Protein chains: 2
Amino acid sequence: MTRQPNPSKAPTLTSIARSLGLSPATVSNVYNHPERVSTSVSERVLAAADAVGYAGPDPVARQFRRGKSETIGIVFTDEMSFALRDPASVSLLAGLSTALQDAQLNLLLLPAGSPVGNSRVSNVMGAVVDGFVFYSVPEDDPHLAAALKRRLPIVVVDEPEVVGDADWLGLDDHLAAADLGRYLSRLGHRKVGVITSRLGRSRHNGPADEEMWKNAVYPVQRNRIHGLREGLFGAEVGSIAVEERFENSVDAGLTALHALLQRDPDITAVCCFGDVLAIGALEGARQRGLSVPGDLTVTGFDDVPEAARAGLTTVRQPLFEKGRIAGEMLLSHPFSDRPRRRYLPTSLEVRSTSGRPNSNSM
Amino acid sequence: MTRQPNPSKAPTLTSIARSLGLSPATVSNVYNHPERVSTSVSERVLAAADAVGYAGPDPVARQFRRGKSETIGIVFTDEMSFALRDPASVSLLAGLSTALQDAQLNLLLLPAGSPVGNSRVSNVMGAVVDGFVFYSVPEDDPHLAAALKRRLPIVVVDEPEVVGDADWLGLDDHLAAADLGRYLSRLGHRKVGVITSRLGRSRHNGPADEEMWKNAVYPVQRNRIHGLREGLFGAEVGSIAVEERFENSVDAGLTALHALLQRDPDITAVCCFGDVLAIGALEGARQRGLSVPGDLTVTGFDDVPEAARAGLTTVRQPLFEKGRIAGEMLLSHPFSDRPRRRYLPTSLEVRSTSGRPNSNSM
DNA sequence: CTGAAAGCGCTTACAG
DNA sequence: CTGAAAGCGCTTACAG
């Protein structure tokens with residue numbers, strides 16, 4: 001006896017076979033290829049199984065034997081509960097789950113918290129999956145490196161931008177932000193603030209100077225800041241006040257708005273790199289007695305369902321579709337080909353939180 | 001050769017061992033018990049593994065050998081993408097994931113769509129998990145029956161109310177709804193409408209008469225209607241107009257509100273059995289030019305994050321906690337004991353969508 | 001510190 | 001339609 005579990009009590013396919021004087025192969029066929037077995041034998045087997053409480057072939061053993069897990073793992077930057085608090089990543093998850101469900105695959109949620117202190121770099125190494133989706137992890141993420149080693153199909157969503165053999169799916173964040181910048185510029189905004197989620201690995205909340213965002217390990221945020229500035233100022237020089245928050249939450253958006261306006265009261269527009277942050281910023285503006293968009297323009301990113309209800313002007317991206325397409329890319333993964341890159345379109349949804357700046361603040 | 005995958009190409013623990021003149025046991029120890037192996041051997045093994053692209057012991061084989069999957073499955077009523085569109089179930093999921101992460105377990109999302117047409121009742125039978133959480137599935141759900149057969153720990157959240165050996169976690173829905181009813185009654189409401197998500201298995205959208213909700217396979221909704229009526233009318237007779245929607249969405253709440261008020265224009269309060277429905281109902285009231293709460297009181301259930309932002313009066317339940325506790329109950333599952341039952345508290349959060357009915361509608 | 005042996009529960013060609 | 005045989009890749013006591 002070399003295995004503790006199943007203290008020679010629980011019935012197995014073999015024990016059922018033996019008790020009936022059949023071969024394990026036949027019992028296996030009853031479950032896997034009923035058409036190859038006579039109905040009388042089939043019935044005897046099922047009855048015996050029922051009698052001893054055998055629920056069918058052990059899933060782990062079957063999976064082991066077959067070499068397939070029929071499961072895809074998704075890895076987030078963060079603790080899972082953080083990812084699930086963000087409606088944007090939840091939409092992505094919903095889209096992914098739809099694609100997988102169509103293909104009869106299960107979805108395994110893998111948190112990419114800090115690596116465990118063992119020899120195993122991360123639970124990514126031990127995850128029983130046939131492929132991975134990585135959602136918005138930083139450059140040089142150790143879990144991603146570990147997954148790459150396993151030579152399973154991988155689709156990276158958003159970031160990092162380039163990853164060995166993995167397929168990539170994301171946005172042209174530079175372009176999207178530049179469009180937004182041009183729109184704000186046309187409205188007359190010159191003093192613009194940015195509220196961004198984390199730029200680096202450290203738990204930093206506060207102003208982020210140019211050096212900080214140029215060195216961000218999250219290229220998405222980096223590209224957006226660059227793009228926004230280009231759209232606002234073109235070839236001119238012009239500075240943007242950037243406020244960083246490690247967490248992506250309503251409360252983070254709220255405190256960031258206060259910090260930004262305290263730092264520079266002349267700001268007439270605040271661009272949030274996520275609708276959840278923007279909803280918090282709107283609340284902050286309310287607290288300060290600022291009318292939106294009269295005194296302050298606030299914009300978001302993503303276009304989550306609540307954005308429309310809040311009247312938020314935002315950069316829309318097809319999050320559900322993104323998840324669905326990530327799933328499809330994974331399912332159609334062409335081994336031995338060059339990695340694929342796919343860009344999804346964005347669009348500016350102008351609603352009621354953006355407008356011309358007040359003349360007195362110009 | 002009896003296994004197609006791995007066309008005798010991919011390195012295995014054994015092949016590494018052989019190439020180094022070591023035993024598989026030693027190579028295994030390098031990965032699982034490094035302290036039992038000399039550093040020189042360890043280094044040789046790791047170098048050889050790296051050279052041939054061996055990413056460590058195959059997770060499926062290890063899991064098979066160990067007999068544990070370190071994974072918990074969660075089963076929803078619906079397609080996964082529906083569950084993920086509802087912030088209430090997402091909060092639950094977040095709480096569950098937190099509990100599991102603390103215990104180093106993974107979370108597998110199992111959709112409980114229509115059973116597949118095979119001999120296997122559902123993917124629940126084949127899911128590689130050490131336990132299940134069932135979230136709000138109907139009475140006599142086939143997936144739940146299948147899971148029960150597997151004799152793994154199970155925690156049922158909300159419904160069904162009683163399930164063989166499974167633990168149960170939920171609310172006193174009757175009491176919660178009765179509290180709400182008493183509150184509305186005190187305000188002076190007599191004509192009250194209900195917007196509920198599905199009561200039965202069939203895809204029904206429309207009025208639900210008393211027979212329909214008394215026979216609901218979702219006891220939660222049944223109990224809430226009973227409780228609400230008791231709170232409103234006590235021992236008196238009094239009827240409530242119930243509008244059923246198969247889906248739990250903003251749009252469903254919106255169309256249900258219109259249907260309800262078209263059916264009975266004298267209704268002064270609408271109770272929604274979910275905040276998402278209530279947000280839709282608020283939108284419907286807006287479309288009809290009704291002021292809230294002046295012309296119409298609207299209440300929700302759950303207290304999702306957006307509820308507070310929308311000023312929604314609602315019955316709060318601790319959703320994140322519910323998920324976390326479900327996880328803890330699963331982890332502490334006492335085999336051979338009586339199934340446990342645990343009730344979580346609810347509270348009425350009075351905000352700005354409820355008030356006295358207009359005198360002219362009384 | 002290292003190795004030989006046993007075996008986890010199942011499925012797959014193949015032969016009869 | 002049924003069975004004998006092989007083997008998936010690994011880990012665990014145990015002995016040396």
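Remember, it's a predicted structure, so these values are computed and weren't measured experimentally. Per chain, numbering begins at 1; letters A, B, ... match sequence-line order.
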So if I take every side-chain heavy atom of [X] and compare against [options], which nucleotide ends up nearest?
| X | options | result |
| --- | --- | --- |
| A/Val41 | D/dG9, D/dA4, D/dT2 | D/dT2 |
| A/Leu13 | D/dC10, C/dC10, C/dT12 | C/dC10 |
| A/Ala25 | C/dT12, C/dA4, C/dT2 | C/dT12 |
| A/Phe64 | C/dT12, D/dC8, D/dT12 | D/dC8 |
| B/Arg36 | C/dT2, D/dC10, C/dG9 | C/dT2 |
| A/Ser23 | C/dC10, D/dG3, D/dT12 | D/dG3 |

Separation of [N] [atom2] from [X] [atom1] (nearest whole Å):
| X | N | atom1 | atom2 | value |
| --- | --- | --- | --- | --- |
| B/Arg18 | C/dA4 | CZ | C1' | 15 Å |
| B/Tyr31 | D/dG9 | OH | P | 15 Å |
| A/Lys68 | C/dT12 | NZ | C1' | 17 Å |
| B/Arg66 | C/dG7 | CZ | C1' | 16 Å |
| B/Leu22 | C/dA4 | CG | C1' | 14 Å |
| A/Asp58 | C/dC10 | CG | C1' | 8 Å |
| B/Asn32 | D/dA13 | CG | P | 13 Å |
| B/Arg150 | C/dG9 | CZ | P | 14 Å |

key: Watson-Crick or G-U wobble partner of C/dA13, both distances under 3.5 Å   =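 Per the H-bond distance test, none.
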Phosphate contact ([N] OP1 or OP2) by [X] side-chain N/O below 4.0 Å:
| X | N | result |
| --- | --- | --- |
| A/Thr26 | D/dT2 | no |
| B/His33 | C/dC1 | no |
| B/Tyr54 | D/dC10 | yes |
| B/Arg62 | C/dC8 | no |

query = Does a donor on one side chain and an acceptor on the other come within less than 3.5 Å for A/Ser136 and A/Glu159?
reply = yes
inquiry  = Can a side-chain donor-acceptor contact be found between A/Thr39 and A/Ser42 if the only test is distance below 3.5 angstrom?
reply    =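 Distance-only check fails for A/Ser42 and A/Thr39.
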message = Can you classify the ring geometry of B/Tyr135 versus B/Phe76 as parallel (below 30°), tilted (30 to 60°) or perpendicular (above 60°)?
response = perpendicular
query = Which comes earlier along DNA chain C counting from the 5' end, the contact point of B/Ser38 or that of B/Ala61, where each point is its nearest nucleotide?
reply =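 Whichever sits nearer the 5' end wins; that is B/Ser38.
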message = Once rounded to the nearest 0.5 Å, what's the spacing between atom CG of A/Leu144 and atom CZ of A/Phe132?
response =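 Reported value, rounded in 0.5 Å steps: 9.5 Å.
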ask   = Charged N to carboxylate O below 4.0 Å: is that the case for A/Arg340 and A/Asp165?
value = no
